[in-house]
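The next block holds one structure in the form of structure tokens; read it before the comments.
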Amino acid sequence: MTWEKADYGPQFAALIADRLPVLGPGTPNESVRSQLEVLTVETAFAGRSIADRNAARCCLSGLWLWHDFLDESHRISQEIESVDGSYWHGIMHRREPDYGNAKYWFRRVPGHAILEPLVGAARQQATKAQLDEPAKFLMTQKSWDAFRFVDLCEAVARGRSKCEQLSREIARLEWHLLFDHCYRQAVGQASCLP
């Protein structure tokens with residue numbers, strides 16, 4: 001799966017570094033804090049017309065999360081009463097880690113638009129890895145099972161799975177898909193998802 005950060009305009013492109021975020025809380029990237037703090041929906045979208053303000057705010061939440069600022073991401077996502085806001089909220093709690101709370105929020109995102117492409121992308125990544133028991137579901141699931149992925153992240157954190165690299169790659173795919181979905185919703189573009 002390829003994507004071009006330049007598609008999201010200069011403000012976002014400057015802040016979306018090529019990285020493989022950790023599964024846990026990570027360490028906030030203080031070198032970009034001042035850039036993130038001054039970012040608003042208006043400045044982030046650089047003069048583009050906003051069709052869905054909540055989706056635009058989801059992009060900001062996702063960007064804070066991308067740089068491991070969980071509290072800042074949480075402050076934004078918890079105020080967005082939409083399926084997308086709940087999805088970002090769930091990812092943040094999964095990383096916190098508060099696995100039970102993450103599952104609570106993932107219950108609010110059944111049938112989300114990114115789930116079908118995510119299951120295919122996760123399966124493709126899984127074919128390149130040696131799977132242990134907690135990760136085997138990635139090859140057999142017919143639809144994305146956010147709860148099992150939370151369990152896999154917990155298994156990695158507790159040393160019961162050696163599939164950390166794979167899990168991080170899948171989490172990055174999930175972030176990209178969700179960010180792209182929210183960005184397109186925000187500016188009123190048709191989804192590029194199948």
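The basis for the numbers below is simple: all heavy atoms, side chains too, and nothing from hydrogens, waters or symmetry mates.
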Is there any ring-ring contact (aromatic ring centres under 6.0 Å, His included) pair reaching into residues 113-134, and which pairs are they, with sequence neighbours excluded?
->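 Pairs touching residues 113-134 that pass the test: none.
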Would you say the side-chain atoms of [X] pair up with the backbone N or O of [Y], donor to acceptor, closer than 3.5 Å?
X      : Y      : result
Arg94  : Val150 : no
Thr43  : Leu39  : no
Ser161 : Leu152 : no
Arg95  : Asp68  : no

State, with a plain yes or no, whether a side-chain heavy atom of [X] is found less than 4.5 Å away from one of [Y].
X      : Y      : result
Glu30  : Phe69  : yes
Arg19  : Pro21  : yes
Leu118 : Phe149 : no
Leu20  : Gln165 : yes
His89  : His74  : yes
Trp64  : Arg75  : no
Ile170 : Leu138 : yes
Gln78  : Met92  : no

Determine, step by step, whether Tyr183 and Arg48 satisfy the side chain to side chain donor-acceptor pair (under 3.5 Å) criterion, reporting the C-alpha distance in whole Å, the side-chain angles of both residues, the deciding distance to 0.1 Å, and the verdict.
-> CA-CA 11 Å; Tyr183 182 86; Arg48 292 204 65 174; 3.2 Å; yes
Taking all atoms of both residues into account, what is the closest heavy-atom pair of [X] and [Y], and its distance?
X      : Y      : answer
Glu174 : Ile114 : O-CD1, 4.0 Å
Ser77  : Gly85  : CB-O, 3.8 Å
Ala113 : Pro117 : O-CD, 3.5 Å
Leu178 : Tyr87  : CD2-CD2, 3.5 Å
Ala6   : Ala13  : CA-CB, 4.1 Å

With hydrophobic residues grouped by side-chain heavy-atom distances under 4.5 Å, do Met139 and Val156 end up in a single group?
->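 Yes, Met139 connects to Val156 through the hydrophobic network.
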same_hphob_cluster(Trp105, Val83) at 4.5 Å side-chain heavy-atom cutoff =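 Different clusters: Trp105 never reaches Val83 through Ile, Leu, Val, Met, Phe, Trp or Tyr contacts under 4.5 Å.
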What do you reckon, is NZ of Lys162 surrounded by more than 12 foreign heavy atoms closer than 6.0 Å?
->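 No, NZ of Lys162 has 12 or fewer neighbouring heavy atoms, counting only those of other groups under 6.0 Å.
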Residue Glu37 excluded, over 12 heavy atoms near CD under 6.0 Å =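 Atom CD in Glu37 is packed in, count exceeds 12.
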Hey, what do you get for [atom1] ([X]) to [atom2] ([Y]), rounding to the nearest 0.5 Å?
X      : Y      : atom1 : atom2 : answer
Trp88  : Leu65  : CH2   : CG    : 6.5 Å
Trp144 : Leu177 : CH2   : CG    : 10.0 Å
Glu133 : Arg160 : CD    : CZ    : 12.5 Å
Ser73  : His67  : OG    : NE2   : 11.5 Å
Ile91  : Leu23  : CD1   : CG    : 11.5 Å
Phe137 : Phe147 : CZ    : CZ    : 12.0 Å

Any chance you could lay out the salt bridge (Lys or Arg N to Asp or Glu O under 4.0 Å) test for Arg33 and Glu72, step after step, and finish with the verdict?
-> CA-CA 10 Å; Arg33 180 188 285 276; Glu72 291 81 352; 3.1 Å; yes
For [X], check side chain to side chain contact (heavy atoms under 4.5 Å, CB included) against everything at least two apart and list the hits.
X     : result
Val41 : Phe45, Ile50, Arg53, Ala56, Arg57, Leu60
Pro97 : Pro25, Tyr99
Asp98 : His93, Glu96, Asn101

Go through the steps to decide whether Ser49 and Val187 satisfy the test side chain to side chain contact (heavy atoms under 4.5 Å, CB included), and finish with yes or no.
-> CA-CA 6 Å; Ser49 178; Val187 298; over 6 Å; no
Ring centers of Trp66, Phe179 separated by less than 6.0 Å |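 Centroid distance Trp66-Phe179: not below 6.0 Å, so no.
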Can you sort out the partners of Asp52 under side-chain hydrogen bond (donor to acceptor under 3.5 Å, both in side chains), two or more places apart, ordered by chain and number?
->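 Expected list: none.
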Just do the side chain to side chain contact (heavy atoms under 4.5 Å, CB included) check on His112 and Asp84 with the steps written out, would you?
-> CA-CA 8 Å; His112 193 283; Asp84 297 328; 2.5 Å; yes
Given the rule in the side chain to side chain contact (heavy atoms under 4.5 Å, CB included) test, do Leu63 and Gln35 qualify, once you have shown the distances and angles that lead to the verdict?
-> CA-CA 11 Å; Leu63 199 55; Gln35 291 171 273; over 6 Å; no
Could you list all the salt bridge (Lys or Arg N to Asp or Glu O under 4.0 Å) pairs where at least one residue sits in residues 102-113, not counting sequence neighbours?
->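 For residues 102-113, and leaving out neighbouring residues, the salt bridge (Lys or Arg N to Asp or Glu O under 4.0 Å) pairs sorted by first residue read Lys103-Asp151.
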No-hydrogen, no-angle side-chain donor-acceptor test under 3.5 Å, Asn54 and Ser82 |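 No, no side-chain donor-acceptor contact under 3.5 Å.
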Charged N-O contact under 4.0 Å between Lys136 and Asp132 =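 No.
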